[in-house]
There are 2 protein chains.
Amino acid sequence: MARTLEQIAELSGVSRSTVSRVVNDDPRVSEATREHVRDVVRREGYRPNLAARGLASGTTNVIAAVMPGAVDNILSDPFFVSLLHGLAVAADERDHFVMLSLGDTSFRHTVDEIARQGVVAGIVFVAGQVDDPLLEPLLASQTPMVSIGRSDDDRVSYVDVDNRGSAQQITSHLLRLGHRRVATIAGPNFAPAAADRLAGYRAAIEAFGLRVDETLIYESDFSEAGGRVGMRALLEHRPDAVFAASDRMAAGALNEIRAAGLQIPDDIALAGFDDMPLAAEMEPPLTTVRQRPERLGEAAVALLLDMIATPASSPRRTILPTDLIVRASCGSRQDQKER
Amino acid sequence: MARTLEQIAELSGVSRSTVSRVVNDDPRVSEATREHVRDVVRREGYRPNLAARGLASGTTNVIAAVMPGAVDNILSDPFFVSLLHGLAVAADERDHFVMLSLGDTSFRHTVDEIARQGVVAGIVFVAGQVDDPLLEPLLASQTPMVSIGRSDDDRVSYVDVDNRGSAQQITSHLLRLGHRRVATIAGPNFAPAAADRLAGYRAAIEAFGLRVDETLIYESDFSEAGGRVGMRALLEHRPDAVFAASDRMAAGALNEIRAAGLQIPDDIALAGFDDMPLAAEMEPPLTTVRQRPERLGEAAVALLLDMIATPASSPRRTILPTDLIVRASCGSRQDQKER
DNA sequence: CAATAGAGTGGGAGCGCTCCCAGATGATTG
DNA sequence: CAATCATCTGGGAGCGCTCCCACTCTATTG
C-alpha cells in the first residue's frame with residue numbers, strides 16, 4: 001500500500017539517495033531531477049515512514065507537551081486550552097506533531113518515557129508551580145525544553161508574557177482614574193505568574209507615590225470561587241477599586257460586590273487579567289489585560305525548534321507583550337478620566 | 001547513553017532475542033532467565049527505542065486524537081477538555097501516547113500524514129458534525145478508528161452516551177412534575193448529539209400522550225449566547241418548562257428568564273444537559289443530565305485498543321449511561337412532586 | 001530405548017530510512 | 001590538453017528492534 005523510498009526511486013529511475021535528498025530538500029540535486037522526483041512523489045502520494053526516519057536519523061518531529069499539576073485546575077482553565085491550541089497549530093505548520101502528556105504524578109511513567117529515549121525532539125513544559133517536581137527529571141533527560149511561564153532556574157528556557165509590567169500598567173490605570181484604595185486579589189503564591197502580577201501591583205502603587213496597604217491584598221486561587229472569597233474578605237477594608245489577577249476571579253468578585261449591594265464601577269472599580277471571552281460579556285464589561293495564550297504556544301514551538309536547530313548552552317527567553325483593554329468596569333468614562 | 005537491546009543482552013549474558021522476549025512479555029522464557037534479565041533492564045534503566053520498534057513491528061503505541069471543526073468552539077467547551085483528559089489518562093495507563101491533531105481543515109495536512117503511514121496505531125476521531133469531511137480520508141487510511149459520538153456511517157465504530165434516552169428521561173421528569181408546555185432549546189441540527197437529544201425530547205412528550213408543539217422547539221448552538229437567543233424566542237410562546245440541550249445554553253436561558261422578570265422554577269422550570277461544574281453553582285442549581293466525558297475518552301481508548309488487538313470487520317459500539325441529576329431548577333420540591 | 005514432542009534459546013534477515021564515501025560527469029584552470 | 005575542481009548521483013552500512021527459523025536440551029511416549 002504505502003510506497004517506500006526505494007519504490008519511488010525505482011519509479012522515477014533514480015537512486016534511493018536521490019529521492020531522499022529531494023524529500024529532505026537537500027540542495028545537491030539538479031533541478032531537473034528534483035522536479036521529476038517531486039512529480040512521482042506527488043503522484044504516488046508518498047510519505048516517508050516516520051519510524052524509519054527516526055531510527056536512521058536519531059531524531060523525530062514530535063514535540064511533547066507536558067502539562068502536570070492537577071488536571072481539573074489545568075484543563076478547566078481556558079488559558080491552557082488556548083495554549084494547547086497554539087502549540088498544535090504552530091507544530092503543525094512546522095511539520096511537527098504534538099504528543100500530549102497531561103496530568104499529575106501518575107504520569108510520571110509517561111514523562112520518564114518521553115524524556116528518556118529519542119521519542120521526542122523537544123518538550124514544552126507547562127509548570128504547575130515554582131520548582132515543579134517534574135522539572136528536574138525533564139532537565140536531566142537532556143532533551144531540549146521550553147517552559148511556558150517564567151522559571152527561576154537558570155537552566156530553563158521559557159516563554160512568558162510580561163505579567164509584572166502588565167499588572168503594573170493596569171493598576172496604574174486604576175490609580176490614574178482617581179482610585180486610591182486599590183486592592184488586589186492575587187493568585188496563588190506558588191505560581192510565578194501570580195507572584196509577578198502581585199509584584200506589578202505593588203510597583204504601580206509605589207510608583208504612584210502611595211504606600212502599599214497589606215490589608216488590601218488577598219491571596220487566593222485563580223478560580224471564580226477564589227475571586228468571591230477574596231472579594232468578600234476585601235470588602236471589609238473598603239477598597240474603591242480591585243485588580244483581580246484573573247478574569248475568572250474578577251467574575252467571582254463581581255458577583256460578591258453585587259451581592260453586597262454595591263455598584264460597579266461607581267462604588268468599586270474592577271479590573272481583571274486574561275481577557276477571556278467572558279470579560280467582554282460581563283455586566284459591566286471588564287477592564288482587563290489581554291494575553292493571547294495561543295501566541296505563547298506558538299512562541300514556545302518556535303523557540304523550541306530554534307533550540308533544536310542551533311543548540312546553545314545558555315537558555316533563551318521570549319517575553320510576549322500584552323494589551324491593556326479598557327472597558328466600563330474600571331469607571332473610565334470620559335468624564336471620569338478627567339477628574 | 002541510552003542502552004540498546006543488544007547491550008542489555010550482553011550485560012545479562014543472553015541473546016538479543018531473549019531480552020526482546022522478556023521486554024515484550026513473551027511466555028517462552030524460563031522464569032530464572034526472565035527474572036535475571038528484568039533485573040538488568042531495571043538496573044540499566046533500559047527503554048526500548050520506539051522508532052526501532054515501530055519500524056520492525058510495523059506498529060506503534062501512539063494514538064491520534066483528531067478533533068476537527070472550529071477550534072474555538074471545540075476547546076472552549078469543557079466537554080472536549082474532559083474528553084481529552086480521559087483519553088490521555090487511559091492511553092497512559094495502557095502504555096500508549098496521545099498525539100494531538102486539533103483544528104480545522106488547515107490541519108488536513110497533518111491528518112493526511114497521520115492517516116497514511118504507520119505513524120499511529122489508531123485514531124480517536126471527534127467529529128464536529130454529521131458527515132464530517134475528515135471522516136472519509138480517515139476511513140480510507142484503513143487505520144483503526146473510534147469516533148466519539150454516534151455516526152450514521154456503518155463503517156464507523158464509536159462510543160457515545162445515550163443522548164436520546166437521557167433527553168427523554170429528563171423531559172419526562174419535567175412532564176411528571178406537572179409541566180405541560182415543555183419547550184426545548186436544541187443544539188445545532190448537524191450535531192448528532194443535538195439531534196438525538198431533540199429526538200428524546202419528542203419521544204418523551206409523545207410517550208406522555210401529548211402532542212409536540214413545534215413552536216416550543218428552538219434550534220440554536222450549544223453556547224451560552226445560543227441559549228439566550230433561544231430562550232428569548234421561546235418566551236413568546238409561554239413555556240412552563242425548558243429543556244436546554246447543554247448546561248451552557250441553560251445558563252444563557254436562565255439569564256434571559258431572569259431578565260424577563262420571571263422566577264425559576266416557579267414561573268418556568270429549567271433543565272440542562274452535561275452537569276458541568278457550573279450547573280451545581282447556578283442560582284437555582286440546575287437539574288441536568290450528568291455525562292462524564294472522561295469516561296467517553298477512556299471507553300474510546302479501550303475500544304480502539306481492542307479493535308487493534310483483535311480486528312474484526314464489523315464496527316463496534318459502546319454506549320455509556322448517564323445520570324439524571326435533579327436539583328432545584330426544575331421545581332421538584334416535595335410538594336410539587338405531588339401536584 | 002529409539003522416536004517424538006515440547007520448552008527454551010540464539011542468530012539471520014530485514015523493516016525504511018539517513019549518512020557517508022566513492023564514482024561519474026562536465027566545467028575550469030595553468 | 002592534462003590536471004583539478006565542483007556538481008551530481010549511486011550504493012553500502014547501519015540505526016535498534018521484531019520476526020522467523022533452526023538448534024539444543026530435557027521430558028515423554030509406545
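Per chain, numbering begins at 1; letters A, B, ... match sequence-line order. Bear in mind that the values here come from a model prediction, so they are computed numbers and not experimental data.
- Note that CG of A:Asn61 is 13.5 Å distant from CZ of A:Arg94, once rounded to the nearest 0.5 Å.
- In this structure, a donor-acceptor pair under 3.5 Å is present between the side chains of A:Ser15 and A:Thr18.
- Taking 4.5 Å as the limit, some side-chain heavy atom of A:Leu84 sits within range of a side-chain heavy atom of B:Leu84.
- Pairs of residues two or more places apart, or lying in two chains, that qualify as salt bridge (Lys or Arg N to Asp or Glu O under 4.0 Å) and include a residue from residues 141-150 of chain A are A:Arg150-A:Asp152, A:Arg150-A:Asp196.
- Looking only at side-chain heavy atoms (C-beta outward), B:Val161 and B:Arg295 stay at 4.5 Å or farther from each other.
- Put simply, chain A comes within 4.0 Å of DNA chain C, heavy atom to any atom, from C:dG16 to C:dC20, going 5' to 3'.
- For the pair B:Asn24/B:Arg53, a side-chain contact is recorded, criterion being any heavy-atom separation below 4.5 Å from C-beta on.
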Produce a footprint string for nucleotides 6-11 of chain D: one letter per nucleotide, 5' end first; B if the base is under 4.0 Å from any protein heavy atom, S if only the sugar-phosphate is, - if neither.
--SBBB
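- Using a 4.5 Å heavy-atom threshold, the side chains of A:Ser101 and A:Val66 count as touching.
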